[in-house]
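As the structure is a prediction and not an experimental result, all values here were calculated from the model. Throughout, residue positions are numbered sequentially from 1 according to the sequence presented.
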Amino acid sequence: MPRIGYTILAIIMAIFCTASLFLNITVILVTFKFRQLRHPINYSLVNLAIADLGVTILGGLLTVETNAVGYFNLGRIGCVIEGFAVAFFGIAALCTIAVIAVDRVVVVCKPMGTMTFTPKQALAGIAVSWIWSLIWNTPPLFGWGSYQLEGVETSCAPDWNNPDPINMSYIICYFSFCFAIPFVTILVSYGYLMWTLRQVAKLGVAEGGTTSKAEVQVSRMVLVMILAFLICWLPYAAFAMMVVANPGMYINPVIATVPMYLTKTSTVYNPIIYIFMNRQVRL
């Protein structure tokens, strides 16, 4: 790729990283500043901001630097650190969004009656997100899979291109447990939630009590957040599985880079949606 191409990528990523840092830090500070926002249902939203910050600091900013110089200049150790960090925080964010979907079903649809959503339950969901991501992103550090340069070779990620059967087994498991399962959880949870809200609109009452306008508003906010996140991540997942299914297929590095960088921009959309769609935050 021409040198100007790397410069353009560096500028684009610098803009997104700056926006991500500002917006996600704002979400965290505002949540801690105002007591009414420190509700268990918002714990996962703060956790999502923390995960997005991890992707930005250990992934986005490093990508700005490597594109600025025109090649990956951080060595093999730097590649492993960057690849692991982006994957670890990124999958933690995706799992957190799945947890948010389940949280909203519990709070709005009340499938278990009028059970109170407690801090302990909220923290348990957050813990599952991080542990699940850690379980599936550490194997490349010990030989099952690996982190390698991707696209125009200024960032690193799980090695989708290696046709070795052991590596392919990791990638298939990784896709199944880190993309497919959270994605299905999100679809099922929000499908049920949307069905419930439709019934509420028809009948005017919800199971176990009334559903307030605030609950409906927050549910819509999170639904848009999920769609934005999946728009950013699904092209990358689809690209990876295409390469796995056709190991000999050639894809232009510049074209391959697009979904990779698209995933890093997702860290900006979540706080924007959170700030502008949550009436509690607009103080």
Side-chain angles (χ1 to χ4, degrees), residues 1 6 9-10 12-13 16-17 20 51-67 70-95 132-164 166-180 182-183 229-247 249-267:
M1 186 170 72
Y6 290 107
L9 282 177
I12 292 174
M13 286 307 302
F16 274 99
C17 286
S20 176
D52 284 343
L53 282 176
V55 173
T56 300
I57 295 170
L58 296 175
L61 293 179
L62 291 181
T63 303
V64 172
E65 191 275 336
T66 55
N67 277 298
Y71 66 98
F72 195 88
N73 63 335
L74 304 177
R76 178 60 193 159
I77 294 178
C79 180
V80 172
I81 291 174
E82 196 242 359
F84 171 79
V86 173
F88 174 62
F89 286 104
I91 296 303
L94 178 54
C95 290
W132 191 255
S133 182
L134 184 65
I135 288 172
W136 289 104
N137 284 297
T138 51
L141 303 179
F142 300 98
W144 189 27
S146 64
Y147 292 108
Q148 302 292 341
L149 292 171
E150 59 179 357
V152 294
E153 300 191 343
T154 53
S155 62
C156 296
D159 186 8
W160 312 102
N161 296 302
N162 187 347
D164 178 76
I166 294 178
N167 183 73
M168 287 294 99
S169 68
Y170 170 72
I171 294 302
I172 292 172
C173 288
Y174 189 79
F175 175 83
S176 300
F177 289 99
C178 293
F179 288 101
F183 182 52
F229 189 89
L230 292 180
I231 287 171
C232 291
W233 278 89
L234 280 181
Y236 184 63
F239 163 76
M241 293 313 297
M242 242 168 49
V243 173
V244 169
N246 303 278
M249 180 176 62
Y250 172 78
I251 298 178
N252 186 288
V254 176
I255 295 176
T257 296
V258 174
M260 297 168 187
Y261 281 82
L262 192 60
T263 61
K264 293 182 173 70
T265 66
S266 67
T267 60

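- Across all non-hydrogen atoms, the minimal contact from Gly60 to Lys264 is CA-CD, 4.5 Å.
- When atom types are taken as modelled, the side chain of Thr257 and the backbone of Val152 share a donor-acceptor pair closer than 3.5 angstrom.
- The side-chain heavy atoms of Thr265 and Cys232, taken from C-beta on, include a pair separated by under 4.5 Å.
- Nearest heavy atoms, Ala180 versus Ser176: CB-O, 3.2 Å.
- For the pair Asn167 (side chain) and Asp159 (backbone), a donor-acceptor distance under 3.5 Å is present.
- When side chains are defined from C-beta on, Ser133 does not count as touching Phe89, because their heavy atoms never get closer than 4.5 Å.
- The shortest non-hydrogen separation linking Leu62 to Glu82 is CD1-CG, 3.8 Å.
- The minimum heavy-atom distance linking Arg76 with Ser146 is given by the pair NH2-CB, 4.5 Å.
- Applying the side-chain contact (heavy atoms from CB on, under 4.5 Å) criterion to Phe177, with sequence neighbours excluded, gives Trp132, Trp136, Cys173, Ile181.
- Remark: Thr56 engages Cys17, Ser20, Leu21, Thr267 in a side-chain contact (heavy atoms from CB on, under 4.5 Å) (not counting sequence neighbours).
- At least one side-chain heavy atom of Tyr147 sits under 4.5 Å from a side-chain heavy atom of Leu141.
- Between Cys156 and Cys79, the two SG sulfurs come within 2.5 Å of each other, short of that mark.
- For Tyr174, the side-chain hydrogen bond (donor to acceptor under 3.5 Å, both in side chains) partners at least two apart in sequence or on another chain are Asn137.
- Within the 4.5 Å cutoff, the side chain of Pro140 has heavy atoms near those of the Tyr170 side chain.
- The aromatic rings of Phe179 and Trp160 lie tilted to each other, with the angle between the two planes from 30° to 60°.
- Residue Ala10 comes nearest to Val64 through the heavy atom pair CB-O, 3.7 Å, listed as atom of the first residue, atom of the second, then distance.
- For Glu150 and Ser155, the side-chain atoms include at least one donor-acceptor pair closer than 3.5 Å.
- To the nearest 0.5 Å, atoms CG (Leu61) and OG1 (Thr66) are separated by 10.5 Å.
- Checked against side-chain hydrogen bond (donor to acceptor under 3.5 Å, both in side chains), Thr263 has no partners two or more places apart in sequence or in another chain.
- How far CZ of Phe88 is from CG of Leu134: 5.5 Å, rounded to the nearest 0.5 Å.
- Using a distance-only test at 3.5 Å, with no hydrogens or angles considered, no donor-acceptor pair links the side chain of Thr154 to the main chain of Thr63.
- Residues forming a side-chain contact (heavy atoms from CB on, under 4.5 Å) with Glu153 (at least two apart in sequence, or on another chain): Leu149.
- When the side-chain contact (heavy atoms from CB on, under 4.5 Å) test is applied to Pro235, the partners found at least two apart in sequence or on another chain are Pro259, Leu262.
- At least one side-chain heavy atom of Leu74 sits under 4.5 Å from a side-chain heavy atom of Glu65.
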